[in-house]
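Pasting in a structure now, in structure tokens, and then I'll have a few things to ask.
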Amino acid sequence: GKQGFPGALRLLAVCRGSLDDAGFAPPIIGLMIIIQADAKGSNPKQQCCQQRCNQNCQHSSALTQGLQQLLGAHGVHIRRGHLLGRPEPGFQVCVPGFGAVGLRLAAQRRQQLLLQRASIGTVDAFCLHFVQQNFSALDVPPDFTIADDATLVRLQQETLSTVLEQAYTDPDFCAFADLYDRGRTDDTTGRAVQELYHFTQALPHPAQALQRFVEMWQSDAPPEKTQWGQAVLRETSARIKGVLRLLRTAQKIAAKDPAADKALTAVLMDDEDRMLLVLDRLDHGAWDTVPEALDNADNWRRAGRVPGGIASNIAAMSANMLRDRAKKHIATLRTDFLLCPAADYQADRRRAAPLVAALVRAVEQYRRTLLEAKLAEKVLDYADLEHMTLELLLTPEHERTSLCRTVSARYSAVLVDEYQDTNALQDAIYFALAAPDASNLFFVGDIKQSIYRFRQADPSVFVGKQTAWQPYPA
């Protein structure tokens, strides 16, 4: 008004929204000075239109210069224009600490504050806190502690002695023990019980896993349809592919020398054809057709004569060495994997099925008795905490509980580091904490850094994700 303008000055702090859900005020991204027509002026809409059409009018220029002289000493820069699509002409005041740079700084500050409220820690620490918060939903004492190694070893040995004494009243378990312990002790049988227990402790719902284990042995499926039969065939296929690489490399080496080429290339190509036949049987044939193909593959033709002997020809000697390595790989397949025909496997499995069932009963009894002994002394280990956490989150039918839905809704994202050292139980916890579609679940890991197999880490969990999941679009 002192400059004779027919209007008043209004300061606008332009913000993004109101207080957010975390209680933080949004950062100011700019200040706006608007020349606004007063009540005595002409039609505001007409005046605004005239001002938009004449950006270089005397009033605007004078106001710009005056404000710049007033505020420029404080590092403030004034630029005439429109902000956020408003119809009134005005002047954007760029104050240090605001604007684009200020927005980034404010966002970084907000993230730093939010970081202090994030749940960051190991999976063991999370499960410990979670069970402590929800102990009333579990049959555990509220003042439990984490058992030290000495206490765990003592409880495990005492429990094992009790369980084995009871298990020996079962004839099938005695028959199982006779297969492993032919001396005066039952150390091997006891280790079998404990090793199977520790293995299933890394799986979600171990009782169900043990029952599936029994059912596998009771099945009458042919060997190639069973999990262990498929594992044998996969390993056989991998060995055959390795043999093929050796033979093809030998062919390339032999082809570099005329004498070696004449003596070895033909027999190497014949070797390759026999290995390809084995691969075809592995992919499409029944169990008994694979040993037949291997018997045929083990018929190695004699290589041709090299003038001066193979030892005098570097190419021939190198190719022949690779062929000898291929022969050894084929020989070990018959002694290490494909030991007998399918009928013999079926007979062995039928005889072993009741023994395996007896072992599983002993392991299940060991698991229950050991947990009771821990609770009696008010101690738990981290595997117990993980199982209790999963019990609170998922039903035995793998459905989410109401508690799981409540807890999962708290997290915008679930980030897992060192994923190569996780196991199936921990993986189930991560998926339960994430959104139902796992859209906010993020893993980081390097399979070459997996070093915790001795603690039941399972790198196949990581490899399975790499195989099944599509690469993130660039």
Side-chain angles (χ1 to χ4, degrees), residues 223-224 228-342 345 420-421 445-454 457-460 462-464 466-467 471:
E224 64 269 18
W228 54 83
Q230 292 172 359
V232 167
L233 294 179
R234 282 196 302 270
E235 180 62 26
T236 302
S237 178
R239 293 280 187 99
I240 294 297
K241 291 176 181 177
V243 168
L244 279 172
R245 288 192 293 270
L246 290 173
L247 295 175
R248 287 165 180 169
T249 302
Q251 291 179 37
K252 294 178 181 179
I253 294 174
K256 296 179 180 180
D257 182 87
D261 183 40
K262 182 178 180 181
L264 290 167
T265 297
V267 294
L268 288 170
M269 293 178 64
D270 181 67
D271 297 339
E272 180 181 354
D273 290 339
R274 298 198 313 278
M275 301 307 146
L276 291 173
L277 177 62
V278 176
L279 279 182
D280 181 72
R281 296 290 177 85
L282 285 168
D283 293 337
H284 305 100
W287 180 271
D288 288 338
T289 64
V290 178
E292 295 174 0
L294 276 177
D295 289 339
N296 181 56
D298 205 22
N299 292 324
W300 303 88
R301 288 174 49 192
R302 186 181 181 86
R305 181 177 177 277
V306 178
I310 289 181
S312 64
N313 188 303
I314 295 179
M317 182 174 63
S318 300
N320 195 61
M321 290 176 61
L322 292 176
R323 191 178 187 228
D324 288 341
R325 287 175 56 187
K327 292 179 181 179
K328 292 179 181 179
H329 283 305
I330 294 299
T332 58
L333 286 177
R334 293 307 309 271
T335 57
D336 297 344
F337 296 100
L338 302 169
L339 306 178
C340 59
Y345 268 108
Q420 73 278 354
D421 286 321
D446 181 359
I447 192 63
K448 291 179 286 188
Q449 296 185 34
S450 181
I451 57 175
Y452 286 101
R453 289 293 292 271
F454 66 94
D458 185 4
S460 67
F462 181 93
V463 174
Q466 285 184 310
T467 304

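The basis for the numbers below is simple: all heavy atoms, side chains too, and nothing from hydrogens, waters or symmetry mates. Numbers here simply count residues along the sequence, with the first being 1.
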Applying side-chain hydrogen bond (donor to acceptor under 3.5 Å, both in side chains), name anything that partners S460, two or more places apart in sequence or on another chain.
->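 S460 satisfies side-chain hydrogen bond (donor to acceptor under 3.5 Å, both in side chains) with D458 only.
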Show your reasoning for whether side-chain contact (heavy atoms from CB on, under 4.5 Å) applies to L276 and I240.
-> CA-CA 8 Å; L276 291 173; I240 294 297; over 6 Å; no
Which residue pairs satisfy the salt bridge (Lys or Arg N to Asp or Glu O under 4.0 Å) criterion with at least one member in residues 290-312, sequence neighbours excluded?
->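 Checked against salt bridge (Lys or Arg N to Asp or Glu O under 4.0 Å) - neighbours excluded - the pairs reaching residues 290-312 are D295-R334.
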Gap between atom NZ of K328 and atom CG of L246 - 0.5 Å precision |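 L246 CG to K328 NZ: 11.5 Å, rounded to 0.5 Å.
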Side chains of W287 and L233: closer than 4.5 Å at any heavy-atom pair?
-> yes
Hey, could you give me the CD/CG distance between Q251 and D271, rounded to the nearest 0.5 Å?
-> 8.5 Å
Excluding sequence neighbours, so at least two apart, what forms side chain to side chain contact (heavy atoms under 4.5 Å, CB included) with D421?
->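 With sequence neighbours excluded, D421 shows a side chain to side chain contact (heavy atoms under 4.5 Å, CB included) to S450, I451, Y452, A457, given in chain and number order.
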Hey, is NZ on K241 packed in by over 12 heavy atoms from elsewhere, all under 6.0 Å?
->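 No, the 6.0 Å shell around NZ holds no more than 12 heavy atoms from other groups.
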Contacts of D336 that satisfy side chain to side chain contact (heavy atoms under 4.5 Å, CB included) - sequence neighbours left out = T332
Charged N to carboxylate O under 4.0 angstrom, D270 versus R274?
->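 A salt bridge is present here (some side-chain N lies under 4.0 Å from a carboxylate O).
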Please tell me if the side chains of L279 and L244 come closer than 4.5 Å, counting only heavy atoms from C-beta onward.
-> yes
Smallest heavy-atom separation, A316 atom then V306 atom, equals CB-CG2, 4.1 Å
Heavy-atom pair of closest approach, residues V278 and A297 = CG2-CB, 3.8 Å
Side chain proximity check, L277 to D273, heavy atoms < 4.5 angstrom | no
Could you give the distance from OG1 (T265) to CE (M269), rounded to the nearest 0.5 Å?
->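 If we round to the nearest 0.5 Å, T265:OG1 and M269:CE are 8.0 Å apart.
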So, do D324 and K327 sit near enough that their side-chain heavy atoms are less than 4.5 Å apart?
-> yes
Contact summary for G309 and S312, nearest pair of heavy atoms |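 For G309 and S312, the tightest heavy-atom pair comes out as O-OG, 2.6 Å.
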Between D288 (side chain) and P341 (backbone), is there a donor-acceptor pair under 3.5 Å?
-> no
Does W228 have any ring pair (Phe, Tyr, Trp, His ring centres under 6.0 Å) partners at least two apart in sequence or in another chain, and if so, which?
-> W217
Check step by step if side-chain contact (heavy atoms from CB on, under 4.5 Å) holds for R323 and V267.
-> CA-CA 10 Å; R323 191 178 187 228; V267 294; 4.1 Å; yes
Which heavy-atom pair separates R281 from V290 by the least distance, and what is that distance?
-> O-CG2, 4.0 Å
Rounded distance (nearest 0.5 Å) linking atom OG1 of T335 with atom CD1 of I330 = 11.0 Å
Closest heavy-atom pair, I253 versus A315, reported as atoms and distance to 0.1 Å, is CG2-O, 3.5 Å
Where is the tightest heavy-atom contact between A259 and N313, given as atom of each residue plus distance?
->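 Closest approach of A259 to N313, heavy atoms only: CB-ND2, 3.8 Å.
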Is there any salt bridge (Lys or Arg N to Asp or Glu O under 4.0 Å) pair reaching into residues 243-267, and which pairs are they, with sequence neighbours excluded?
->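 Those involving residues 243-267 are R248-E272.
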Rounded to the nearest 0.5 Å, what's the gap from OH on Y345 to CD on E224? Could you check?
-> 11.5 Å
Between the main-chain N or O of I314 and the side-chain N or O of S318, is there a donor-acceptor pair closer than 3.5 Å?
->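 Between the backbone of I314 and the side chain of S318 there is a qualifying donor-acceptor contact (under 3.5 Å).
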